[in-house]
Protein chains: 2
Amino acid sequence: MTRWSIGDLAKASGLTVRTLYHYDEIGLVVASERTTSGHRRYTPEDVRRLYQVRSLRQLGLSLDEVRTALSRSDSLRPIFEAQLAALTKQAQQVEALRSRLAALLDGHTTESLLSTLEMMSVYESYFTADQLDDLRSRAAALGQEAVEGLKTSWLELVKQLRQHMADGTPATDPRVVELSRQWDELGAKFTGGDPAIQAAAQRSWEENKSAISTQIGWPSDDGLVDYVNQARAAR
Amino acid sequence: MTRWSIGDLAKASGLTVRTLYHYDEIGLVVASERTTSGHRRYTPEDVRRLYQVRSLRQLGLSLDEVRTALSRSDSLRPIFEAQLAALTKQAQQVEALRSRLAALLDGHTTESLLSTLEMMSVYESYFTADQLDDLRSRAAALGQEAVEGLKTSWLELVKQLRQHMADGTPATDPRVVELSRQWDELGAKFTGGDPAIQAAAQRSWEENKSAISTQIGWPSDDGLVDYVNQARAAR
DNA sequence: ACTTGAACCTCCCGCAACGGGAGGTCCTAC
DNA sequence: GTAGGACCTCCCGTTGCGGGAGGTTCAAGT
């Protein structure tokens with residue numbers, strides 16, 4: 001009967017000696033025999049088990065799952081099915097991440113990346129996953145450029161409104177009222193007019209009046225929202 | 001200026017208090033202030049950083065990558081591109097695993113699962129990744145049933161050859177010679193006639209003459225291969 | 001028979017990103 | 001003034017090994 005030394009077995013199986021030690025330690029693949037001096041001797045039976053372990057590992061099972069799988073052969077199928085489900089789920093998640101990242105990358109300049117992410121992150125606390133999906137798919141439907149256009153328009157609007165505030169233009173001034181109308185129009189394009197999403201956005205604003213504005217990089221809660229609200233009331 | 005307690009910030013951000021401790025420990029998001037008694041006070045600036053960290057984490061970056069990304073904004077794009085590449089690769093790997101597992105599951109009975117895996121595992125030590133891909137794609141091309149048919153034929157062949165050996169039929173007997181021809185034919189179907197793959201298979205046999213046969217569950221190296229070799233020589 | 005270098009042995013620390021508990025202090029509300 | 005949260009700082013555990021220290025043993029060459 002051939003016995004294998006740990007080094008030879010490592011070479012044959014493509015695993016490292018350290019890994020074999022580890023499997024021995026946790027009792028997953030134990031060398032059935034030892035020389036008098038304590039060197040491990042793997043029997044063909046041990047080798048066979050090691051190859052089984054290796055195959056199961058290559059399917060992505062954890063060492064614990066491998067142990068269970070090898071303990072009773074009738075547990076193989078359910079474990080495999082669970083693993084298949086897990087892999088399917090994982091594939092979807094990875095794919096979702098990948099497409100988000102890809103979309104981000106080809107639609108943004110370096111500078112806008114972080115702030116965009118930050119806003120998304122903040123908003124994700126307030127929208128449900130479905131609503132976010134909705135927002136994203138709407139963005140996808142509008143197309144990259146259209147979304148960029150909306151963002152630029154919004155930044156432009158904010159700039160003009162702030163200018164008027166600084167100039168002391170009353171909120172009832174027709175120019176400001178017009179800007180507030182554009183503000184709502186833009187918001188409608190983003191939210192798609194969905195009242196639930198608008199409500200969530202509104203809630204987001206209220207709960208973060210000061211916090212959010214600081215986070216986004218505005219000097220502080222400068223009353224812009226109140227200003228717009230006044231202008232809207234004047235319509 | 002609003003300061004946030006760690007608990008409130010945890011609730012607002014959806015992270016756990018423990019996570020915030022962790023980020024503080026490793027210096028990723030540190031509470032800039034402390035009360036006299038040592039309680040953390042997060043400034044709006046800290047909160048903003050936390051949200052940035054959260055967004056980057058949601059893209060699958062490691063904490064170290066996040067740290068780098070936030071250190072200089074010009075490192076964002078390369079990091080994102082690397083992450084996209086990593087995700088793409090991961091997606092492919094997961095998908096490969098998934099399809100292998102799915103194929104295994106709907107093509108095998110519970111009992112045959114382990115031994116099939118085991119054989120694959122053993123062979124994977126002797127074939128290169130490309131050759132294995134080749135074998136798998138060939139198997140896919142032949143279709144599930146055809147592959148099953150080949151396997152059954154092979155088992156049948158082995159059974160008959162063993163019978164002849166047990167009966168003492170000489171290897172030069174025409175019936176045995178015919179079986180050896182079928183053996184080679186079957187092998188050619190599996191290997192697709194690729195000499196490199198055939199050589200690898202041959203090498204596999206030689207290096208494992210005794211070990212492999214025991215691993216696969218055969219009583220021992222019973223000389224079947226030699227017997228076939230003799231029969232082949234008689235052709 | 002002796003030496004030497006490779007292979008082997010047993011601890012033990014380390015990784016990523018936290019989870020969770022112990023044991024103590026603090027804050028806030030009644 | 002007291003209860004019960006919320007907060008603090010250690011510290012151990014997780015997964016699947018990698019890698020090093022420090023010591024023993026094996027196999028081959030002289």
Side-chain angles (χ1 to χ4, degrees), chain A residues 2-42 46 49-50 52-70 79 82-83 86-87 90 93 97, chain B residues 3-42 46 50 52-70 79 82-83 86-87 90 93 97:
Chain A
T2 320
R3 301 293 120 125
W4 296 66
S5 74
I6 197 170
D8 289 346
L9 185 52
K11 272 176 210 156
S13 65
L15 301 172
T16 69
V17 171
R18 187 60 186 81
T19 299
L20 295 182
Y21 281 140
H22 185 59
Y23 290 173
D24 194 337
E25 269 176 38
I26 65 173
L28 185 57
V29 180
V30 181
S32 303
E33 303 177 2
R34 295 278 187 132
T35 67
T36 49
S37 61
H39 288 195
R40 271 161 258 254
R41 301 278 100 179
Y42 288 89
D46 300 338
R49 184 171 170 93
L50 179 63
Q52 292 178 337
V53 167
R54 209 190 62 162
S55 359
L56 293 171
R57 284 246 68 200
Q58 283 172 346
L59 291 174
L61 299 186
S62 73
L63 294 186
D64 240 22
E65 288 167 331
V66 169
R67 193 200 306 278
T68 308
L70 291 181
I79 286 181
Q83 176 67 3
L87 282 175
Q90 197 192 338
Q93 287 173 352
L97 264 190
Chain B
R3 300 294 121 126
W4 297 65
S5 73
I6 197 170
D8 289 346
L9 184 53
K11 271 176 210 154
S13 65
L15 302 173
T16 69
V17 170
R18 186 61 185 81
T19 298
L20 295 182
Y21 281 140
H22 185 59
Y23 289 172
D24 194 336
E25 270 176 36
I26 65 172
L28 185 57
V29 180
V30 181
S32 303
E33 302 178 2
R34 296 277 187 135
T35 66
T36 49
S37 61
H39 287 195
R40 271 161 258 255
R41 300 279 101 177
Y42 288 89
D46 300 337
L50 179 63
Q52 292 178 337
V53 167
R54 208 189 62 162
S55 349
L56 293 171
R57 284 247 68 200
Q58 283 172 348
L59 291 175
L61 299 185
S62 72
L63 295 185
D64 240 21
E65 289 167 330
V66 168
R67 193 200 307 277
T68 308
L70 291 181
I79 286 182
Q83 175 68 3
L87 282 175
Q90 196 191 339
Q93 286 173 353
L97 264 192

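Throughout, a chain's letter reflects where its sequence line sits, starting with A, and its residues are numbered from 1.
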Open item on the list: So, does B/T19 get its side chain near the phosphate of C/dG19, meaning an N or O under 4.0 Å from OP1 or OP2?
Closed with: yes
TODO: Taking the side chain as every heavy atom from C-beta outward, state whether A/R49 and A/V30 have any pair of such atoms under 4.5 Å apart.
DONE: no
- [ ] Rounded to the nearest angstrom, tell me the gap between atom CZ in B/R54 and atom P in C/dA17.
- [x] 18 Å
Open item on the list: Could you tell me if the side chain of A/L50 sits less than 4.5 Å from the side chain of A/L9, heavy atoms only?
Closed with: yes
Open item on the list: Tell me the interatomic distance from A/D24, atom CG, to D/dC17, atom P, rounded to whole angstroms.
Closed with: 14 Å
TODO: Would you please confirm or rule out a distance under 4.0 Å between OP1 or OP2 of D/dC17 and any side-chain N or O of A/Y23?
DONE: yes
TODO: Taking the side chain as every heavy atom from C-beta outward, state whether A/Q83 and A/L87 have any pair of such atoms under 4.5 Å apart.
DONE: yes
TODO: Determine yes or no for a side-chain-to-main-chain donor-acceptor pair under 3.5 angstrom, with A/R41 supplying the side chain and A/T2 the backbone.
DONE: no
Task: Interatomic distance, B/I26 CD1 vs C/dA16 P [rounded to whole Å] - done: 9 Å
TODO: Determine: side-chain N/O of A/R34 to OP1/OP2 of C/dT10, distance under 4.0 Å, yes or no.
DONE: yes
TODO: Check whether any side-chain heavy atom of A/R40 lies under 4.5 Å from a side-chain heavy atom of A/R34, and answer yes or no.
DONE: yes
TODO: Respond yes when some side-chain nitrogen or oxygen of B/R40 is under 4.0 Å from OP1 or OP2 of D/dC7, and no when none is.
DONE: no
Task: Among C/dC26, C/dC9, D/dC26, the one nearest A/S37 by side-chain distance - done: D/dC26
Open item on the list: Does C/dA17 have OP1 or OP2 under 4.0 Å away from a side-chain N or O of B/R57?
Closed with: yes
- [ ] Would you mind classifying the nucleic acid contact of B/I6 as base, sugar-phosphate or nothing, using non-hydrogen atoms under 4.0 angstrom?
- [x] sugar-phosphate
Open item on the list: Students often get this wrong, so: under 4.0 angstrom with heavy atoms, is B/R41 touching a base, only sugar-phosphate, or nothing?
Closed with: nothing
Open item on the list: Tell me the interatomic distance from A/L9, atom CG, to C/dC9, atom C1', rounded to whole angstroms.
Closed with: 17 Å
- [ ] Give the rounded distance in Å between these two atoms: CG of A/L15 and C1' of D/dG16.
- [x] 12 Å
Open item on the list: Please compare B/D64 and B/T35 by the position of their nearest nucleotide in DNA chain C and report the one closer to 5'.
Closed with: B/D64
- [ ] Please state how far atom CD in B/E25 lies from atom P in C/dG19, giving the value in whole angstrom units.
- [x] 12 Å
- [ ] Rounded to the nearest angstrom, tell me the gap between atom CG in A/L20 and atom C1' in C/dA7.
- [x] 14 Å
Open item on the list: Taking the side chain as everything from C-beta on, heavy atoms only, tell me whether B/D46 gets closer than 4.5 Å to B/E33.
Closed with: no
Open item on the list: Quick check on DNA chain C: between B/R18 and B/S62, whose nearest nucleotide comes earlier from the 5' end?
Closed with: B/S62
Open item on the list: Rounded to whole Å, please give me the gap between CZ in A/R67 and C1' in D/dT15.
Closed with: 13 Å
Open item on the list: Base, sugar-phosphate or nothing for B/H39? Non-hydrogen atoms, less than 4.0 Å.
Closed with: sugar-phosphate
Task: N or O in side chain of B/S5 less than 4.0 angstrom from D/dA6 OP1/OP2 - done: no
Open item on the list: Heavy atoms only, 4.0 Å cut-off, all strands: where does B/T16 land among base, sugar-phosphate and nothing?
Closed with: sugar-phosphate
TODO: May I ask you to verify if any side-chain N or O of B/Y21 is less than 4.0 angstrom from the OP1 or OP2 atom of D/dT9?
DONE: no
